[in-house]
Each structure stands twice: as C-alpha cells, then as structure tokens.
Protein chains: 2
Amino acid sequence: MKVITIKDIAQLANVSPSTVSRALKDHPDISSDLKIKIKGIADALNFKPNSFASNFRKQKSQLIGVIIPKFCNSFVPDVIFGITSVVNERNFQVIILPTNDDILKENEAIQKCCDYRVDGILMSLSVETSNVEHLKTADAYNIPVVIFDKAANTSNYHQVVINDRLMAEKCAQQLINENRKNIIGFFGHENLAITKNRKIGFSSILSQNNLPYSIEYASSSIEAYEKTISLIDSNNIDAVFGISDELLIGIIAAVREKHKLNEISVIGFSDGSTIPLLFPEVSYVSHDGKKLGYEAANTLFKLIDDNTFHPKTNAINVELKIGRK
Amino acid sequence: MKVITIKDIAQLANVSPSTVSRALKDHPDISSDLKIKIKGIADALNFKPNSFASNFRKQKSQLIGVIIPKFCNSFVPDVIFGITSVVNERNFQVIILPTNDDILKENEAIQKCCDYRVDGILMSLSVETSNVEHLKTADAYNIPVVIFDKAANTSNYHQVVINDRLMAEKCAQQLINENRKNIIGFFGHENLAITKNRKIGFSSILSQNNLPYSIEYASSSIEAYEKTISLIDSNNIDAVFGISDELLIGIIAAVREKHKLNEISVIGFSDGSTIPLLFPEVSYVSHDGKKLGYEAANTLFKLIDDNTFHPKTNAINVELKIGRK
DNA sequence: CTGTTAGCGCTTTCAG
DNA sequence: CTGAAAGCGCTAACAG
C-alpha cells in the first residue's frame, strides 16, 4: 500500500503542496472552504504527515534523550515514567540511552543525542563521572541539558534532585529519637553526589549527638545482605540505614534471617513500592521517582522554550515516613 | 558555535559533497589518499554526520518503537533493558510509548510509531486489547511488528512469550508434591492471554488431581494483600499462587502479617529480583525479563533484515525454583 | 576515481 | 488568498 504524501493530496485537490500544508495546519491565509475540501481529502485517504520530514525541515527532532546509568529497581523506571508523561504530553518522544555506569558509554550517549539532534537531554550521571566536561558537546549543538537524581555537586547545568543531605539528617535524627546506640549506615558508590550528600547528613547528626556509627559500602542487594549478616554476628548493632531500595532489601533480608526485625531498626531511602507493604516496620524517605521525572522534564521544557532561563539546582520535597513498630 | 556539515568539509577539501560522503564511509571508489585527507579535515573540525538527515534520505529512522502498558515492577524495565542492549548494538535507538493499559493510547502509540517512521515495533498488549486489528496501520507502512510478553492468543504477528501454561502447571504440581489441600490462585486481568494461559495450566493440574482450589483476581499489590488477609481469616488455606511479582508481594505481606509463613506455601511468577532474597521460602518461576527482551529484539531484527521470515509464536524457556523450607 | 544532479517530504519565504 | 521555488543535510544514480 502506498503511503500518502502532501503532493498526492495537492494533485487531487488541484492546489499546490504548500496550500495543502497550510490548510492542514489551519493557517489563517487559507479560505475555510478550501480547508474543508483539503481536510476532507486528507481524511478520506487517511493521510498522516510524515513527522520525520517535517521535523527535519524544521530542524527539530521532537525527541528528548534520556541518559541513565541503569534501569535497576523501580526508582529509575518511575522517573522515566514521569518524564515520558510530560514529554508525550508535549508531543515529543523519549529516547533512552543506558550507560551501564560506564563513562565511555555516557560519552557515546551524549554524542548519539547530538547526532539525532534531540531537542533536549535529561541525564543522570554514571558512578564513573566526576565532572561534566563531556556535556560541552551538547552545548556545541545548543541542546539544553537537565541533570537529575545523580547529579554533580557543582555544575553549570540545571539539576533536579532530592534534598539528600536534609533527608539523611532526618533519618539519623529518627534513630536518635528511637534511642538507638549502635548504628550502621550503608552507602553506594563514593563518586556520586547522592552518596556524599547523604553521608554528610547522616554522619553530621550522629557526630553532633556523640553517637557511635560506622559506614559501610555496598553496590548490590547481595553485598548489603552479606555485610549485614556478618555485622549482626560480630557487633551488637541496633539500627541500620540504607541509601536505596536495593541496599535496604539486602539489609532487611539479613535482619529477618537473623530474627532481629523487632530489635534492629531499619531505615533508609525507598520509592515505597515494595518495602512498606512487606515490612511496615521500616521507616523510609519516600522518594517518588515520578515526581522527580515530572520536575526534570518540566524544567527541561522551560529551558527549551526559553533559553535565557538560569541554571540552578532544584531540590524537590520528600517525606520521611515512620515505620509502625 | 556553528555545526559542521559535509558541505563545509567539501569546500575545505576542494571536492564535492558526494565525495566527502563517500570518503567518510570508506566507499571503494575513493582513492585512499583522498580518504585520508578528508577524514583528517573531518576530525579536525570534529564533524559528526547528521544522522537525522541521512536517515531521512535513506527513508529509515533507525528507531524502534516499544509500546508497553506500564513500567510497573522490575519485569518491564528488565525487558526494556534487554531490548535496548540489542537495539543499541545495531546502532538503532529505542523510543518508548507507554499506553497506561488504555486501548486508545495504544492506538495513538501505533500511529506515532508510523508518523516517526520507526523501522520496527515491539509491543506488549494493554489489558483492554482483545484483538490486534489496530496493528494493520503498521502493516500499511510496512513496519514489522513483534509482540512480546502480553500477547494475543491468536495473531499473525511474531510473538515472544514465556511458556505460561506449562510453567503454571509446574507450580500446581509443586503444590501437589507438597501435599497442599486448600489452594488459592491469584490472577490478573482476564483479557490477557497470560492470565488465561496460566489459569488453564494451574486449574487443569489441580482438577486432574481432584484438589479443591479457588481463583481470585487482583490488579495491585494492595488488592492481593487485602483479599489474602480475608481469605486467611475465613478459610483454612495452605497455599497461594500469584501470577506476578506485584501480586506475590501483596500475598506475602498478608501471609507474613498473619504469621503463617511457615504454614502457607507461596508460589508464583517472579523476576527474582526482590522476593527470593527477602523470602527464600517462596518458590517461583523465574521469568527473566532481559532474556525476553533480547529474544524479542532479535526476532524483530530478523524480520527487518528479511521480511520473508514467517510469523510464529516463540516461547522462551524458564525455570521453576523451589523455595527452601 | 570524482562531480553533477536530483530528491527524500515538508515548510516557508517571497511574489503575485 | 494561493502558488512557485528554495532548501533542511545527506545519498546515490548517472555521467564523465
């Protein structure tokens, strides 16, 4: 079956292609009679404009590039869902480029976005990324960028993050309120601003209160699980903080296996999709990925619509939900 | 900063744009001296071909449309991850179009894929979709389609699914081996082939063995949780089957709250990302989303490369992992 | 081996 | 109010 173009309609209507183009987008210059006629023909033939061609002509792709390290857990998919909702609303499409936490792939992804002439980039940094120099490529193509979630501590780009430090402080404060005395904190990769900021918040409050605590690192559920198991065996811990759903799952698995769910307080950052229903005793900072996605995408569109908009870091509000004991 | 085009390079090299185009893609007609010269200039100017333009010219987008109902859980993201790996490997990009389980949006999504002239469509059906007539649109544009996971029971499209019926049979058989007598099965939306097939498998084995069982439906963790709570209160159930991670989480939460984890056997379909670590006592059919994604994307590329390839439904192998008691 | 030319489908001045 | 013509950046016949 042949795909209909503007030319075909023009021939049938005995007008020029430009007239068809104008009529179909309700250009005021075209008489309403002609509009009706042309639209009738277009409908009859089931004409759909080739958005590829029109975007090419307009030198915009109507594409937003989303660069992420991984799909892990439900947080990232939630963010993507939030982004996609906003982006589709504006009749753009999202292309997703995972970097697998590899800075080389991150570079390639930025380049791909430029090759595809995306109209904007949303990016969450890989653990290997300590500066954002490689985004200069996007600048050269005048593509606006918003960094979300895994951000840089200093950057000249817009950033949408959650208030990591403050919320980690609240977690620590909660453990103090519960009168915990022997606290462990599990964190992710040290390169990431979210690790740094959450660690600062967590540590500072405990130090101020002269409470002993120790810092552990883990990069998977299993690792967090194994470390927690041995910590429970060797120390008399009474509280564990986990920086993400992934680590919390390992921590909880270990605490449950050791039958310590009533004695050890577990707290951390979670999207609230799984843990609260299964373990209502766990307290968590509910970081809603969708909300972050909405915010990041909206910020990007502000930038697309008005490139005089000034770069800033925008922390969205999240809540600490106290577990039921 | 100006974006470099082939023309710029042609001027600097004193050759025609077509020569540049050919030289850059190692066309055998071009002398190697000239190739070196042209590539040198291109590198020096940091030229990157506008893939948008070249795709337009070649009438291909290098885009694969992925139409999914939701992002829920980690299964779908895993599938997308699998798809993206294969697709990126081939230098294509993925665009994701969520339908939110709405058949109207599904229609729109198909149309969007056509508008964007994607080179292939991977699609998982919405719960509202009972036939695949609307895919005719894609046929009209000669866009190959592969349906994955949430498939139609009869269709003329390629399908990549897991062997739902067989694996549900194995689950039922496992409960029989465990000598369970009072079994509940939780299923999702009745429209979906995966529900139908898993229900048939589950029911047939239990019926054959003259075991009583009852069928429940739930569309969220909470619903499964609430129904399980009241079933435990009112019946003397000793086993619960759940069709997905989402339902299993609700079921497990209820069983745990009622302190019945040792008495009630829980079994179902899961991606194995969360449940096994937290609840090693649960048996599950490990349906690996990545594998499904790889398979679906590879099938699509076979179709793109060779459109004489015949439609068929391809069930990938999965495994039942028995929980530790 | 290299250049000329036309054109992918659409939009948008410019001219009438 | 409508048409003619140019062009987005690249590719590929065709010609030499």
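Basis for what follows: all heavy atoms, side chains included, without hydrogens, waters or symmetry-related copies. Per chain, numbering begins at 1; letters A, B, ... match sequence-line order.
Scanning atom types as modelled, one donor and one acceptor separated by under 3.5 angstrom connect the side chain of A:R22 and the base of D:dG3.
One finds no salt bridge joining A:R90 and A:D119 here, because no Lys/Arg side-chain nitrogen approaches an Asp/Glu carboxylate oxygen to under 4.0 Å. Under the 4.0 Å criterion applied to side-chain N and carboxylate O atoms, B:D102 and B:K70 are not assigned as salt-bridge partners.
Within the 4.0 angstrom heavy-atom criterion, base atoms lie near B:S18. Among the protein residues, B:K25 comes within range of the sugar-phosphate backbone only, with heavy atoms under 4.0 Å from sugar or phosphate atoms but none that close to a base. Contacts of B:N14 with the nucleic acid, taken as non-hydrogen atoms under 4.0 Å apart, involve only primed sugar atoms and P, OP1 or OP2.
Put simply, A:Q59 has a side-chain N or O that comes within less than 4.0 Å of OP1 or OP2 on D:dG9. Between A:S54 and C:dC10, a side-chain N or O to OP1/OP2 separation shorter than 4.0 Å is absent.
The structure places CD of B:E133 at 11.0 Å from CG of B:N107, a figure rounded to the nearest 0.5 Å.
Distance, B:N55 CG to D:dC8 P: 18 Å, rounded to whole Å. The separation between A:L34 atom CG and D:dT2 atom C1' is 8 Å, rounded to whole Å. Atom NZ in A:K60 sits about 11 Å away from atom P in C:dT12, given to the nearest Å. Atom C1' of nucleotide C:dC10 and atom CZ of B:R117 are separated by 11 Å, given to the nearest angstrom. Atom-to-atom, CG of A:L24 to P of C:dG9 comes out at 16 Å; the value is rounded to the nearest Å. In this structure, the CD1 atom of A:I4 is 16 Å from the C1' atom of C:dC10, given to the nearest Å. Atom NZ in A:K48 sits about 13 Å away from atom P in C:dC10, given to the nearest Å. Atom CD1 of B:I6 is separated from atom P of D:dG9 by 11 Å (rounded to the nearest Å).
Set against C:dT4, D:dA4, C:dG9, the side chain of A:N50 has C:dG9 as its closest nucleotide. When the nucleotides C:dC8, D:dG3, D:dT2 are ranked by their closest atom to the side chain of A:V15, D:dG3 comes out on top. Side-chain proximity of B:T19 to C:dG3, D:dG9, D:dT11: nearest is C:dG3. Proximity note for A:T5 (side chain, C-beta onward) versus C:dG9, D:dC8, D:dG3: the nearest is C:dG9.
Here B:F56 does not count as stacked on D:dC10, because the ring centres are not under 5.5 angstrom apart with planes under 30°.
Inspection of the A:N314 and A:Q159 side chains reveals no N or O donor paired with an N or O acceptor under 3.5 Å.
Annotation: A:K60, atom NZ; neighbour count of heavy atoms from other residues, nucleotides and ligands within 6.0 Å does not exceed 12.
If you find the closest nucleotide of DNA chain C to A:K58 and to B:R57, the one lying nearer the 5' end belongs to B:R57.
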